[in-house]
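See below for the structure under consideration.
Counting from 1, the numbers follow the sequence of the chain as shown. Counting starts at 1 for both ligands and their atoms, following the listed order.
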Amino acid sequence: MNKKTVPFTEKQIREIIAKYPTPFHIYDEQAIIDNVRKLIKAFSWVPDFKEYFAVKATPNPYIMKMLKAEGVGSDCSSMAELILCEKVGITGHDIVFSSNDTPYEEYKKALELGALINLDDISLIEYLEQYGPLPEWICARYNPGPLMKEGNDIIGTPEDSKYGMTREQLIEAFRILKGKGVKHFGLHTMVVSNELNANGLINTAKMMFELAVEVQQKLGINIEFIDFGGGIGLPYRPEESFVDYDVLSAGIKKYYDAIMEPAGLTKVRLSFECGRAITGPYGYLVTTAIHHKHIWKEYIGVDASMANLMRPGMYGAYHHITVMGKENAPKDHIYDVTGSLCENCDKFAIDRPLPEINDGDILVIHDTGAHGHSMGFNYNGKLRSAELLMHADGTVTQIRRGETVDDLFATLDFSDL
Ligand SMILES: *Cc1c(COP(=O)(O)O)cnc(C)c1O
């Protein structure tokens, strides 16, 4: 269970709206900070624990800067994400470049910034060497494929995933890299997404520890860092529960002690690349009900659309909705809450029991702090919204303005018509 509360009152949000019209995403700064501190504290037993925030989740430099102050680095996979790190002053091993299908210019930028390079495939050794020397530190991404099914309850089928290399390839890649003078080795994987069961995440760690020992036995290489990727889940539904970081940490420690210690791998740095779990629950899409219609069903039309939050339309994902000022009113109406795209999947909720909604009511769509604004798009000429940061004292800073029609047309030259 988790309480789907909002960190502001109706009066407060209406004051914010008076200055920044809906729709917008608003992020709760203190809640994000408290959450990331809790994660880091849970792993304080690790010789050198690092959370690399997955920039794609919320690629906003103000969010990145706030996390940087907490000792959090960045997980990047594109040129734009690397440039954001550069602007924020995140460099060196505070960046892990966990990309795939990567053009050389992006590796070049990552190498210039001193980022840890995470190789997605064995063929990339030759690819990188065409352009210049290999870095001294290298990480390789593992795809366990069907091996993952052995005695654990991880969701998903890694053998259908395009990422990483097989066990044989990974061992071979490290053998080649060692021969070429690479000095420091790391392992990476990401085989779960939005996982709410701590055991799924703990079993991933166990698999990686066993792999580290295998690498040691086969190649005499002592792995120096292991990155478990992202994937800590978010309880989007009120009946779901947050992953308990202490339970997760204790479960991972158990295997660290049992598998790594006996092999003398005691100073290995551990990291995550979580995005969703860090900011997701602390962002809210705020929108105004502007229309209602009654045909075969009851529809509430809001001023946000799928262009502001793609997850419900794309995956049928559940996002909780609070109607401001009616938090305790009976949910005695069944609505579809829709945006204005000419796509019938542009619905934030389908057949959702909610209190009676009137035009002008403020709806808050929960859990949009990660993979929300960042997945926005411009189909149908829709504009991406502003992003606001709410501070502990209730004041608000606009950390990204909303797009204008001029932004949308910036790549067109009307003078040649
Ligand atoms: C998307 C992604 C993440 C972040 O995933 P979350 O679900 O936000 O935790 C981390 N690492 C890699 C390589 C990714 O592709």
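Taking every heavy atom of G230 and a limit of under 4.0 angstrom, the matching atoms of ligand 1 come to 9 (O), 10 (C), 11 (N). Heavy-atom contacts of R276 reach the following atoms of ligand 1: 6 (P), 7 (O), 8 (O), 9 (O) (cutoff under 4.0 Å).
Remark: of the listed residues Y27, Y62, Y20, F24, Y27 is the sole one forming a side-chain contact (heavy atoms from CB on, under 4.5 Å) with E387.
Considering only heavy atoms from C-beta on, L111 comes within 4.5 Å of Y104 through its side chain.
Residue S98 places no N or O, backbone or side chain, under 3.5 Å from any N or O of ligand 1. When only interatomic distances are considered, the shortest N/O to N/O separation between S193 and ligand 1 does not fall below 3.5 Å. Looking at I232 next to ligand 1, no N or O pair under 3.5 Å apart turns up.
Among residues two or more places apart in sequence or in another chain, the side chain to side chain contact (heavy atoms under 4.5 Å, CB included) test is passed with S161 by N143, Y163. Residues satisfying the side chain to side chain contact (heavy atoms under 4.5 Å, CB included) test with E81, not counting sequence neighbours, are V55, K56, C76, S77, S78.
The part of R141 lying near ligand 1 is the side chain, judged by heavy-atom distances below 4.0 Å. Counting heavy atoms under 4.0 Å from ligand 1, residue N194 does not touch it at all.
Without hydrogens or angle criteria, T58 side chain to G369 main chain gives a donor-acceptor distance under 3.5 Å. Panel note: side chain T288, backbone T22; no donor-acceptor pair is recorded below 3.5 Å.
Counting protein heavy atoms only, atom 10 (C) of ligand 1 is closest to E273 O, 3.0 Å. G231 N, 2.9 Å is the protein heavy atom nearest to atom 9 (O) of ligand 1. Closest protein heavy atom to atom 14 (C) of ligand 1: K56 NZ, 2.9 Å. Of the protein's heavy atoms, M190 CE, 3.6 Å lies nearest to atom 5 (O) of ligand 1.
Within the structure, ligand 1 has C274 among the residues with a heavy atom less than 4.0 angstrom away.
No more than 12 heavy atoms of other residues, nucleotides or ligands sit less than 6.0 Å from atom NZ of K267.
Nearest heavy atoms, P144 versus T189: CD-OG1, 4.3 Å.
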